[in-house]
Colleague: 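Questions regarding the structure given below will be posed in turn.
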Amino acid sequence: MSDGFTITDEQRDYSQYNLEANPFPYSPVPAENPEIFCGQQHVTTSISSTVSSVLSTGKSKHLVITGKYGNGKSHTLKYTRSLLRDREDVVVGYVAQPGEGFLDIYHEFVYDIGFNRLQNVAYEYLASITREVTDVNPTGPEAMRSLIDEGDVLLSEIVPEAIRQLSNITKFADFARAIIHMVYEDTNLYAWQWLTAEGIRYEQRKEMEIHSALDDDTMGVRAFTALKNTLLALGYTGVFVFVDEFESIARLSPKNEQGTLNSIRHLMDQNSSGLCMLFGCAPEVWQDVMSEYHAFSERIGREVALRPLTSEHLYELVNEYLDRERTGNTSDDTVQPFTEGSLDHILQRSQGNIRQVLSICSRILDSAVDEKQSHITADFTRELLIL
Amino acid sequence: MLYRRRELDLPHGELQTPVLFPVRNIGKRSSDNTPSYVTTIPDFSAAMINARSIRNRKPMWNRLMNGVSLREELDVPENTIVFADSGGFDFVSEELDTTPADTLETQHQLKADIYGTVDIPITRENRTTVNQRRINQNIQFALEASDHHDCDAHLLASVHGYDPETIRNNIRYLEKHGTFDGYALGSLVPIRTDYKKVTKLVIAARQATDKHLHVYGLGGLVYQPLLLYLGVDSFDSSAFIRSAGNRNYLIPGFGGEELQNIEDMDMLPCPCPVCGQRKLDDIREDRNALTQHNLWALATELRRFRYIVESGRDVEHYLDLRFQGNEVTQRAYKIAKQQVRGLA
Ligand SMILES: [Zn+2]
């Protein structure tokens with residue numbers, strides 16, 4: 001077995017191609033915060049128009065992005081999320097897949113927002129009450145936290161008023177208490193567990209004076225709506241929910257599938273403002289939903305389909321990735337060391353599937369270095385892909 | 001370790017802390033009065049009294065208003081340090097019948113050295129909104145007391161809350177908005193079996209202020225070393241009276257022992273002035289003797305702790321041994337130790 005692995009920590013040298021490193025992801029899993037969007041103009045346009053409309057009018061709007069496995073649905077959703085995350089006036093949550101029902105969607109959404117963010121929402125809310133009932137003017141969560149710590153404001157003066165007003169806004173007193181309990185170190189984990197619908201013991205609920213359990217889809221819709229209304233009251237423009245792999249609802253029992261769709265429908269009906277849901281879904285499942293659950297599909301304004309890559313898209317995509325690691329000056333619009341012939345071949349092999357394209361490019365570039373190729377030709381590509 | 005020693009300069013003399021204020025039931029109708037201890041136990045030249053019960057006991061109050069001093073009424077030397085609390089604990093079940101100004105006036109008339117501000121206790125059984133309201137009210141009472149307070153006696157603001165944020169927030173708020181010589185943590189008796197909670201609250205208070213810190217009602221045999229370790233400056237206890245009433249004999253390092261369990265013993269395992277010369281049979285029937293012994297037990301506990309510190313021994317090691325016998329208190333101490341170390 002002398003011909004076994006060669007393991008070395010020696011770095012490959014990509015400088016002959018004017019590259020710092022291999023820009024293509026080794027793993028075909030979409031990056032958490034992708035920096036490159038392999039734009040399909042019509043998709044970008046649809047998403048932009050939906051998102052912009054929510055941002056500018058405050059009215060809710062939703063969109064389904066269909067596309068076959070590997071055509072970049074997750075990538076698209078995550079890319080959109082990464083763009084929106086920079087805005088301070090929105091909250092974005094990514095749901096990797098819908099799970100068993102709406103409660104799971106809600107759970108994933110709150111989880112994606114995260115403990116710290118939700119705790120900050122609580123501080124922001126207390127800050128708004130503080131500005132109202134005292135003559136102190138905290139401007140953000142950190143300022144509020146320090147006012148409490150330093151005793152500049154009195155918790156027992158603000159908290160009851162905060163709970164009262166938030167209960168009014170959300171029409172959900174238990175939710176209001178849970179949010180406010182996010183600021184107490186002794187109860188914030190219980191509050192978080194309740195808010196994420198993980199379920200807590202009766203005694204833990206009692207300590208926060210929370211009466212209900214957040215344990216079914218109806219409560220999930222209520223809690224989601226309460227959270228969104230809290231955020232709007234704080235001046236946020238909108239809440240964005242990205243539900244990926246929506247096609248997996250097809251594996252639910254018909255009753256559960258209908259239940260999930262109904263809950264989402266209720267959610268949309270109860271949130272005519274400030275809500276934007278983007279779904280990533282396989283086209284065949286979306287077809288079924290459209291034909292069988294009319295009440296649901298008609299509430300989603302639009303559908304846009306991700307198509308397999310064309311060769312033009314592919315050049316653009318490869319070019320963008322290469323640009324990230326370019327060292328020297330190369331003329332624009334070049335895919336060097338790839339040749340057009342090699343890319344055509346890659347397109348053919350991957351059938352336009354972006355995930356595959358990226359992983360093939362990554363592999364070929366490494367091999368070209370190893371085998372000291374000056375260019376990546378169609379022949380070299382063909383040989384390598386046969387192996 | 002947060003243990004600390006201080007000296008308070010009070011109207012009736014100087015007081016070394018940490019110190020225990022044994023509760024004197026003077027003025028209370030329902031319970032027997034505390035036997036004398038002030039001259040017999042040198043560690044306890046101080047007492048905790050309830051300003052409200054004395055004020056409400058007409059004949060006694062009249063005597064006090066006609067020239068008899070409180071210390072005469074208590075049968076203690078004039079230099080005895082007296083801590084007058086507002087009697088707030090009674091407001092668990094009774095209507096609030098005083099104001100911060102009235103209570104202050106009573107405390108002043110009693111010539112107390114330390115005043116506790118009027119407070120309404122909270123309990124875990126209350127709805128949290130009720131507790132929130134009371135917490136807020138207690139803060140307002142304390143601030144009113146601060147406004148009216150203008151003598152040499154020390155004013156301690158009573159602070160309540162069942163979470164560290166509230167305690168910290170209350171103390172720092174009072175620090176900014178009033179003038180106090182220290183703070184007194186209340187409402188801990190109803191949650192005393194939740195050692196973890198109590199420990200957290202005490203640490204939060206200790207961190208929020210460098211001033212005098214008193215803990216109401218937890219000066220019993222188990223809590224005393226724990227509170228010393230947590231840097232509490234004073235505490236009070238009536239456990240020695242109640243225990244005696246139940247024929248419960250306190251033994252440092254062991255806790256309480258029901259006398260009926262050791263009936264066959266001739267002499268008790270304590271060399272204090274009460275037990276040293278007298279036989280068990282004799283002491284059993286003498287409730288005052290039992291009470292006095294129990295106070296000696298508390299004094300012993302305090303002296304031992306000081307000894308460990310002064311002799312340069314490892315306090316944590318001592319407490320490891322001290323709490324070894326009882327799983328619950330052992331866990332409590334472990335939690336306290338973790339939290340104290342976490343502060344380092
Ligand atoms: Zn004795």
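The chains referred to below are lettered A, B, ... by the order of the sequence lines, with proteins before strands, and numbering in each begins at 1.
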Colleague: For A/E88, is the CD atom crowded, meaning more than 12 foreign heavy atoms sit under 6.0 Å from it?
Modeller: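 No, not enclosed.
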Colleague: Hey, is the main chain of B/N136 close enough, under 3.5 Å, to the side chain of A/E157 for a donor-acceptor pair?
Modeller: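 No.
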Colleague: Counting only heavy atoms not in B/K196, do more than 12 sit closer than 6.0 Å to its NZ atom?
Modeller: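 Count not over threshold, so no.
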Colleague: Evaluate whether atom NZ of B/K211 has more than 12 neighbouring non-hydrogen atoms of other residues, nucleotides or ligands under 6.0 angstrom away.
Modeller: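 Above 12, so yes.
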Colleague: Can you tell me how far CG of B/N169 sits from CD1 of A/I158, rounded to the nearest 0.5 angstrom?
Modeller: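 Rounded to the nearest 0.5 Å, the CD1-CG separation comes to 7.5 Å.
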Colleague: Can you tell me how far apart CG (A/L154) and OG1 (B/T166) are? Round to the nearest 0.5 Å.
Modeller: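 Taking CG in A/L154 and OG1 in B/T166, the distance rounds to 9.0 Å.
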Colleague: Would you indicate whether B/E327, at its atom CD, is surrounded by more than 12 heavy atoms from other residues, nucleotides or ligands within a distance under 6.0 Å?
Modeller: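 Atom CD in B/E327 is not packed in, count stays at 12 or less.
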Colleague: Return yes when atom NE2 of B/H108 has more than 12 non-hydrogen atoms of other residues, nucleotides or ligands closer than 6.0 Å, and no otherwise.
Modeller: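 Counting neighbours around NE2 of B/H108, 12 or fewer heavy atoms of other residues, nucleotides or ligands fall under 6.0 Å, so no.
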Colleague: Which atoms form the tightest heavy-atom contact between B/K176 and A/G151, and what is the distance?
Modeller: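 That closest heavy-atom pairing would be CD-O, 4.1 Å.
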Colleague: Is chain A contacted by the side chain of B/E125, its backbone, both, or neither, given a heavy-atom distance below 4.5 Å?
Modeller: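 Neither part.
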Colleague: Less than 4.0 angstrom from a charged side-chain N to a carboxylate O is my criterion; do A/E207 and B/K197 meet it?
Modeller: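 Yes, A/E207 and B/K197 are salt-bridged.
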Colleague: Are side-chain heavy atoms of B/E165 and A/V183 found at a separation under 4.5 Å?
Modeller: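 No, too far: nothing below the 4.5 Å cut-off.
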Colleague: Rounded to the nearest 0.5 Å, how far does CD1 of A/I148 lie from CZ of B/R168?
Modeller: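 The CD1 atom of A/I148 is 10.0 Å from CZ of B/R168, to the nearest 0.5 Å.
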Colleague: Look up atom OH in B/Y173 and atom CD in A/E150, then write down how far apart they are to the nearest 0.5 Å.
Modeller: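 Reported to 0.5 Å precision, the distance equals 14.5 Å.
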Colleague: Select, from A/D152, A/V153, A/T187, A/D186, the one with the greatest count of heavy-atom pairs under 4.5 Å involving chain B.
Modeller: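 Sorted descending by pairs with chain B, the first entry is A/D186.
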Colleague: Examine whether an atom of B/I135 lies under 4.5 Å from a heavy atom of chain A, and if so say whether it belongs to the side chain, the backbone or both; otherwise answer neither.
Modeller: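 Its backbone and side chain both get close to chain A.
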Colleague: At what distance, to the nearest 0.5 angstrom, does CZ of B/R124 lie from NZ of A/K206?
Modeller: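 Nearest 0.5 Å value for the CZ-NZ distance: 9.0 Å.
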Colleague: Just wondering, are more than 12 heavy atoms of other shown residues or ligands nearer than 6.0 Å to NE2 in A/H62?
Modeller: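 More than 12 within 6.0 Å, yes.
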Colleague: For the CE atom of A/M208 and the OG1 atom of B/T128, what is their distance to the nearest 0.5 Å?
Modeller: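 That separation rounds to 10.0 Å.
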Colleague: Here's a test for you: under side-chain contact (heavy atoms from CB on, under 4.5 Å), which of B/T129, B/V130, B/N131 qualifies with A/E209?
Modeller: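 Result for side-chain contact (heavy atoms from CB on, under 4.5 Å) with A/E209: B/T129.
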